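Note sheet for the following structure.
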Amino acid sequence: MKQRQCSRTGCQQMAVATLTYAYADRAAVVGPLALRHEPGSHDLCRDHCAGLSTPRGWELIRLPLEEGGPAHTHDDLLALADAVREVGFSWGEPGPPAASEPQLTRRKGHLGVVADPADRSR
């Protein structure tokens, strides 16, 4: 993961947290640094994260920050290997019968109506 700088103007420190606003809930959420920058989110350094305040009437939700970034454990690696193994072993095995080809029921010019194969009433 590439390190990112704080979004605050003039700050040269490395970001450790991500700030996201939930306007409908009138809440600001500060949590661990997101894996990538998303539009509408702001990356903050430790100093700006600690001094953050919200407008009157808004709730500030602070999630615990992970020291040194996310840590991968042996269990993470095993879970990933199991998921890959499960997909790999199921490849090429016969599955449920394939759905029949879509049936064109009506045409009007270059447009056509395709019947839903699950709808047996037609």
Side-chain angles (χ1 to χ4, degrees):
M1 177 170 70
K2 181 182 174 190
Q3 291 209 334
R4 299 187 304 263
Q5 285 186 328
C6 182
S7 298
R8 298 292 296 260
T9 304
C11 185
Q12 300 296 315
Q13 295 183 41
M14 288 294 127
V16 297
T18 298
L19 167 66
T20 306
Y21 291 104
Y23 293 99
D25 298 326
R26 299 181 71 175
V29 180
V30 177
L33 186 63
L35 294 177
R36 62 180 178 201
H37 178 73
E38 297 288 339
S41 66
H42 307 279
D43 298 332
L44 299 175
C45 65
R46 192 167 301 282
D47 294 338
H48 286 118
C49 181
L52 184 68
S53 63
T54 57
R56 185 174 302 160
W58 281 57
E59 182 180 6
L60 177 60
I61 301 169
R62 291 184 184 268
L63 302 176
L65 301 180
E66 299 169 354
E67 294 296 326
H72 297 290
T73 64
H74 185 65
D75 292 340
D76 293 340
L77 184 58
L78 288 177
L80 179 61
D82 289 340
V84 170
R85 195 174 299 120
E86 181 179 330
V87 170
F89 286 145
S90 66
W91 186 263
E93 289 181 4
S100 60
E101 288 293 316
Q103 299 296 321
L104 193 61
T105 58
R106 290 185 299 239
R107 267 190 110 61
K108 179 150 180 129
H110 67 283
L111 300 175
V113 177
V114 178
D116 184 2
D119 186 13
R120 305 274 185 222
S121 63
R122 294 183 180 218

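Values reported hereafter were calculated over all heavy atoms of this structure, with side chains retained and with hydrogens, waters and symmetry mates removed. All figures in this text were calculated on a predicted structure; none of them were measured in a lab.
Both L52 and W58 belong to a common hydrophobic cluster when Ile, Leu, Val, Met, Phe, Trp and Tyr are linked at side-chain heavy-atom distances under 4.5 angstrom. Under the 4.5 Å side-chain heavy-atom criterion for grouping Ile, Leu, Val, Met, Phe, Trp and Tyr, L60 is connected to Y21 within one hydrophobic cluster.
Contact between T18 and S41 at its shortest, heavy atoms only, is CG2-CB, 3.8 Å. V16 approaches C45 most closely through the heavy-atom pair CG2-C, 3.8 Å. Heavy atoms only, all atoms of each residue included: C49 and V30 are closest at SG-CG1, 3.3 Å. When all heavy atoms are compared, the tightest approach of L33 to A15 is CD2-O, 3.6 Å. Contact record, R4 with R36: NH1-CA, 3.5 Å, taken as the closest heavy-atom pair.
For the pair R26/E59, no side-chain contact is recorded, criterion being any heavy-atom separation below 4.5 Å from C-beta on. P32 places a side-chain heavy atom less than 4.5 Å from the side chain of L63.
With hydrogens and angles disregarded, no donor-acceptor distance shorter than 3.5 Å links the side chain of S7 to the backbone of L44.
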- Message: Pair M14, Q5 - check side chain to side chain contact (heavy atoms under 4.5 Å, CB included), show working.
- Response: CA-CA 4 Å; M14 288 294 127; Q5 285 186 328; 3.7 Å; yes

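Taken from CD in Q13 to CZ in R8, the straight-line distance is 11.5 Å, to the nearest 0.5 Å.
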